[in-house]
Protein chains: 2
Amino acid sequence: MATGSRVTRPRSSVWLSERKAPKRKGDQQPVGLDHVKIIAATVRLLDAEGLAGFSMRRLAADLGVTAMSVYWYVETKDHLLELALDAVMGEMALPSEAVQPAEQLEHLPTEPRDWREQLRQLTSEYRKLLVRHPWLSPLLGEYFNIGPNAMAFSNAAQRVMRNSGLPDDKITSALSLVYQFVYGFSTIEGRFSALCRTLGVTQDELLQEVMSSVEERPEFDESRKTMEASRGQTVEETRNREFTIALDFAIAGIEALRDAP
Amino acid sequence: MATGSRVTRPRSSVWLSERKAPKRKGDQQPVGLDHVKIIAATVRLLDAEGLAGFSMRRLAADLGVTAMSVYWYVETKDHLLELALDAVMGEMALPSEAVQPAEQLEHLPTEPRDWREQLRQLTSEYRKLLVRHPWLSPLLGEYFNIGPNAMAFSNAAQRVMRNSGLPDDKITSALSLVYQFVYGFSTIEGRFSALCRTLGVTQDELLQEVMSSVEERPEFDESRKTMEASRGQTVEETRNREFTIALDFAIAGIEALRDAP
DNA sequence: ACCTGAACACCGTTCAAGT
DNA sequence: ACCTGAACACCGTTCAAGT
């Protein structure tokens, strides 16, 4: 949770309030800051130091400016984080079949791919995004995620799922199953890889270390059995395999209940 | 993220370090605090004020004690939160079929239920827990979750999934699919209901309000279509239905790929 | 053994003031 | 219009001191 709010309270989104003073009239020379620069610096700092390492004062220092200057452009820290969230949401390549007609530059006569391929692309993009920006996960849980890029992603996801032929009243369930899985899975993956980067060890080394510090405990029995199955594989191989199979389960389930309800 | 650590760094778990001074020798009169009291007060405060409203100073005030007294019993705020996490993880009723033999008081000659029933019980317990304690979700993402109660839950989950007859090398995928879904779904549910409690409105009222403030936006088109399907139902009905169907998808997928790999 | 008080190095944010 | 400086009300935690 952002530390700015002591108590959970009605917090309106940036996207539901007027943006602060982004207008710069005519050909007047910009002196230093602006929205784009601030958001870029925010994302850079979040990538480098993590959510806990980010502060308004630290950001201002990075921008070579006094602590309070940023507040001219941005109402609160929360609003800034919402803007950063939506900015990186725009990094995903959405499947062309799921982009609304109005957004498509031209109608290519290519055969639309299988919905399962579209789903695999979209989930893979989402996964990579969450791993690339580990600070994104907690923010997605914190805000409404109704910025333009977040909405474009959400719309694409809904269109892809609609392409499965599932009846309308089961779309949200299928979407929820798939995207909550990808979110949780990728959040863990991102945290683990960030931790390794910080510690300066490989993922396989850290896994070894964690294993050996827990393995003598008797309660660990069940997990040991489970992990025997992935012996001899790297962490990355195991994870990719696990991700693919889990998605296969979801797709198989959706098709099974679609075809025989 | 806990605000205590500026930067992500190697943070050992409470469960991997010696516990702090819980020993009280003989019949000496306890003066005031102890682990149990502190953890109980922590959970109470977290339930009442949320994670953002919790602070060591606030906790101390609740306990009628100076800010630093708690540090005699607990090393850091993070350790305390880990203890609170494991404490509430013990609130779940684990399916008897998934409790290890040593833990069972006696072997009742009852027929073991279908693995799908066991799974539905366990996921339902997990869901209710996450909704009851909305602060739990971020903490689960933050720590290693290797306390005794967290381990018991994890072991139960693994046993249930093993009861499905799935081959060993697909167990983790199935577990991941199911539990990441329940985690994400219930996290959102818990946050929404907590927000309603704070605002003093019903869930249906808040949904109405959020809808009407976004519905004129053109990007909202796809979501409107999706939500038509649940017209005339309460938020709670819609959510329970969505949860059940998503779990049905997962179960169907697991059985489909188990029987025809 | 257990608790206190003062202090340190941080926060987000307000507000009056400068240019 | 844009930026600064000082100040306020908070944090988690250290450390020397009290009983």
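From a predicted model like this one, the values you see are computed outputs, not experimental measurements.
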Rounding to an integer number of Å, can you tell me how far [X] [atom1] sits from [N] [atom2]?
{"X": "A/Y71", "N": "D/dG5", "atom1": "OH", "atom2": "P", "value": "17 Å"}
{"X": "B/Y73", "N": "C/dC3", "atom1": "OH", "atom2": "C1'", "value": "9 Å"}
{"X": "A/L59", "N": "C/dC11", "atom1": "CG", "atom2": "P", "value": "12 Å"}
{"X": "A/L63", "N": "D/dC3", "atom1": "CG", "atom2": "C1'", "value": "13 Å"}
{"X": "A/R57", "N": "D/dG5", "atom1": "CZ", "atom2": "P", "value": "13 Å"}
{"X": "A/M56", "N": "D/dC11", "atom1": "CE", "atom2": "C1'", "value": "17 Å"}
{"X": "A/E75", "N": "C/dG12", "atom1": "CD", "atom2": "P", "value": "16 Å"}
{"X": "B/H35", "N": "C/dA1", "atom1": "NE2", "atom2": "P", "value": "16 Å"}

pair_partner(C/dA17), Watson-Crick or wobble, both distances < 3.5 Å, evaluates to none
Scanning all shown strands, the Watson-Crick or wobble mate of D/dG12 with both distances under 3.5 Å is C/dC8
Requested in this report: Verify, without hydrogens or angle tests, whether A/R58 (side chain) and A/G53 (backbone) share a donor-acceptor contact under 3.5 angstrom.
Outcome: no
- Query: Where the side chain of A/Q180 meets the backbone of B/Q180, is there a donor-acceptor pair that is under 3.5 Å apart?
  - Reply: no
A/W72 side-chain N/O to D/dC2 phosphate OP1/OP2 under 4.0 Å = yes
Check: Would you say a side-chain N or O of B/T66 is under 4.0 Å from OP1 or OP2 of C/dC3?
Finding: no
Describe the nucleic acid contact of B/M68 in one word from base, sugar-phosphate, nothing, applying a heavy-atom distance below 4.0 Å. base
Which of D/dG12, C/dT4, C/dT13 is nearest the side chain of A/T76? It is C/dT13
Determine whether the side chains of B/Q158 and A/S223 contain a donor N or O and an acceptor N or O closer than 3.5 Å. yes
Requested in this report: Verify the distance criterion only: is there a donor paired with an acceptor across the side chains of B/S13 and B/E82 at less than 3.5 Å?
Outcome: yes
Query raised in the report: Do B/D47 and B/R132 touch side chain to side chain, with heavy atoms closer than 4.5 Å?
Result: no
